[in-house]
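Have a look at the structure below, then the notes.
Throughout, a chain's letter reflects where its sequence line sits, starting with A, and its residues are numbered from 1.
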Amino acid sequence: MPELAEVEFFRKRWHQAAVGQTVTDVSIHERARVFVNQRAALAVRKALPGRTLLGSEAAAKQMCFRFSDDLWLGVHLGMSGELRVEPAGYVPQKHDHMVLHTAGHALVFTDPRMFGGVELHCGPEAPAWWARIAPSLLSPAFTVEAVAAFLRRRARAPIKAVLLMQERFPGIGNWMADEILWRAAIHPRQPAGSLRAAEVRVLWRECRRVCRLALATIAGRGDYLPTSLNAHIPASWLFLHRWTDGGRCPKTRRPLCRETVGGRTSCWSPARQKLHR
DNA sequence: AGACATGTTGCTCA
DNA sequence: ATGAGCAACATGTC
């Protein structure tokens with residue numbers, strides 16, 4: 001599930017429940033693959049109890065939770081990861097790989113498909129992998145020129161595949177890429193290098209707009225949402241129609257289509273997104 | 001039963 | 001060297 005806005009939602013959920021609180025105990029699933037190795041799992045279990053959660057940040061699809069004594073806990077949710085908050089005393093279930101217990105809550109990292117990852121870093125500075133994350137879509141460094149240069153370098157790849165490249169489009173995943181292309185009226189198979197200057201500008205603008213809208217809609221609420229993160233997505237977005245068989249484009253009312261592009265199932269509106277040249 | 005899933009990496013080939 | 005395409009990872013669901 002997690003792309004940029006869902007990641008921010010999950011970060012907030014843990015943060016709001018536990019910032020300022022001290023970890024009293026850590027439960028780790030015996031075959032938790034989310035750790036690089038057994039040693040990493042042991043390190044978490046050994047290092048976190050007694051430390052206080054001081055703050056947290058999300059960037060792209062990564063999260064970093066900062067604890068006292070220069071400890072940083074990095075979390076990536078992979079394909080199916082989620083962070084939950086359960087009452088104190090929660091007993092970990094099958095897919096709960098790591099649970100941080102505090103006096104008031106249990107912070108649960110759950111991930112059925114186990115593509116997620118957790119890593120611990122100790123030191124005064126944020127870990128190197130954190131510093132290497134590309135500048136946010138909403139930052140001044142994400143310029144239309146930078147996008148244009150990147151598309152030139154990936155000229156022959158379908159634009160859909162290029163939007164999924166985290167080194168330039170941090171946090172964009174399959175649904176966001178489809179949403180952006182649909183709003184920009186660009187066909188997912190259009191070679192990146194064949195976009196006209198005006199199209200590149202629209203693409204850049206829609207990247208930022210979808211990022212902003214997704215954050216406001218999915219992550220922008222202070223309370224804990226009920227089970228479904230999607231309940232608040234407007235029907236005017238492609239998002240709500242992309243997996244529906246016989247789904248129709250909210251703008252043209254014409255049928256949507258679904259095919260694999262760049263190795264991922266993509267949904268677009270043929271009436272609106274046409275291949276050219 | 002079989003296809004497929006909102007992610008990433010590492011391999012092959014051009 | 002660099003870019004494009006694809007299998008692999010593990011498990012649940014339709």
Side-chain angles (χ1 to χ4, degrees), chain A residues 1-11 29-37 58-63 74-83 93-97 109-119 129-130 132-134 137 149-182 188-194 207 210-211 213-215 217-219 225 227-233 237-247 256-268:
Chain A
M1 157 161 302
E3 297 179 23
L4 166 146
E6 291 97 335
V7 169
E8 172 62 6
F9 169 80
F10 289 126
R11 178 200 68 82
H29 196 289
E30 55 184 38
R31 40 187 288 271
R33 265 177 162 265
V34 296
F35 297 95
V36 183
N37 51 39
K61 298 172 191 171
Q62 328 265 345
M63 286 171 277
V75 179
H76 192 288
L77 297 172
M79 194 84 114
S80 57
E82 293 187 13
L83 302 187
Q93 308 294 300
K94 186 175 177 189
H95 299 300
D96 300 338
H97 299 292
F109 171 71
T110 195
D111 181 11
R113 284 168 74 184
M114 302 200 277
F115 292 164
V118 173
E119 87 174 69
W129 59 263
W130 179 261
R132 279 197 297 267
I133 297 172
L137 306 177
F150 192 77
L151 299 199
R152 252 178 271 127
R153 209 143 58 80
R154 309 287 179 162
R156 304 177 58 153
I159 186 62
K160 168 66 185 276
V162 174
L163 277 181
L164 295 174
M165 295 178 180
Q166 301 297 296
E167 70 257 42
R168 178 45 68 194
F169 301 100
I172 292 184
N174 205 25
W175 82 252
M176 280 183 76
D178 282 355
E179 189 77 31
I180 289 163
L181 291 172
W182 173 70
R189 285 193 210 282
Q190 191 69 43
S194 70
C207 282
V210 169
C211 180
L213 288 173
L215 284 171
T217 309
I218 296 170
L225 280 179
T227 46
S228 170
L229 288 175
N230 307 341
H232 303 272
I233 307 276
W237 295 23
L238 177 64
F239 182 92
L240 284 191
H241 310 275
R242 58 196 306 275
W243 290 124
T244 314
D245 287 331
L256 294 167
C257 77
R258 268 196 311 255
E259 278 173 40
T260 299
V261 180
R264 310 298 301 278
T265 300
S266 303
C267 175
W268 70 93

Checklist entry - Does OP1 or OP2 of B/dT8 have a side-chain N or O of A/His76 closer than 4.0 Å? => result yes

Checklist outcome for this item: By ring pair (Phe, Tyr, Trp, His ring centres under 6.0 Å), A/Trp268 pairs with (sequence neighbours left out) A/His187

Next on the checklist: Work out how far the P atom of B/dT6 is from that of C/dA4, and round it to whole angstrom.
Outcome noted: 22 Å

Next on the checklist: Please check this pair: side chain of A/Asp96 against backbone of A/Thr110, looking for a donor-acceptor N/O pair closer than 3.5 Å.
Outcome noted: no

Checklist outcome for this item: Taken in chain and number order and not counting sequence neighbours, the residues that satisfy side-chain contact (heavy atoms from CB on, under 4.5 Å) with A/Gln62 are A/His76, A/Trp129, A/Trp130, A/Ile133

Checklist entry - Can you give one letter per nucleotide of nucleotides 9-14 of chain B, going 5' to 3': B for a protein heavy atom under 4.0 Å from the base, S for sugar-phosphate only, - for none? => result ------

Next on the checklist: Between A/His97 and A/Met114 (side chain of the first, backbone of the second, donor and acceptor by atom type, cut-off under 3.5 Å), is there such a pair?
Outcome noted: no

Checklist entry - Where each pair must be Watson-Crick or G-U wobble with both distances under 3.5 Å, what dot-bracket representation of DNA chain C is obtained, with crossing pairs in [ ] and other-strand partners as |? => result .||||||||.||||

Item to check | A/Met114 side chain, from C-beta outward: closest of C/dA10, C/dG12, B/dA5 | outcome: C/dA10

For residues 160-174 of chain A, which side-chain donor-acceptor pairs fall under 3.5 Å, sequence neighbours excluded?
| residue | atom | partner | partner atom | Å |
| --- | --- | --- | --- | --- |
| A/Lys160 | NZ | A/Asn174 | OD1 | 2.6 |
| A/Lys160 | NZ | A/Asp178 | OD1 | 2.8 |
| A/Lys160 | NZ | A/Ser266 | OG | 2.7 |
| A/Gln166 | OE1 | A/Gly171 | N | 2.9 |
| A/Gln166 | NE2 | A/Leu164 | O | 3.1 |
| A/Gln166 | NE2 | A/Ile172 | O | 2.9 |
| A/Glu167 | OE2 | A/Arg154 | NH2 | 3.0 |
| A/Asn174 | ND2 | A/Thr265 | O | 2.9 |

Item to check | For A/Glu8, salt bridge (Lys or Arg N to Asp or Glu O under 4.0 Å) partners two or more places apart | outcome: A/Arg11

Checklist outcome for this item: Which of A/Ile180, A/Leu215, A/Leu238 passes side chain to side chain contact (heavy atoms under 4.5 Å, CB included) with A/Val210? It is A/Ile180

Checklist entry - Would you call A/Arg189 and A/Glu259 a salt bridge, using N to O less than 4.0 angstrom? => result yes

Next on the checklist: Suppose we screen for salt bridge (Lys or Arg N to Asp or Glu O under 4.0 Å). Which residues come up paired with A/Arg258, at least two apart in sequence or across chains?
Outcome noted: A/Asp245

Item to check | Residues in ring pair (Phe, Tyr, Trp, His ring centres under 6.0 Å) contact with A/Phe35, at least two apart in sequence or another chain | outcome: none

Item to check | Annotated protein contacts, base or backbone, on nucleotides 2-9 of chain C with a non-hydrogen cut-off under 4.0 Å, one of B, S, - each | outcome: -SSS---B

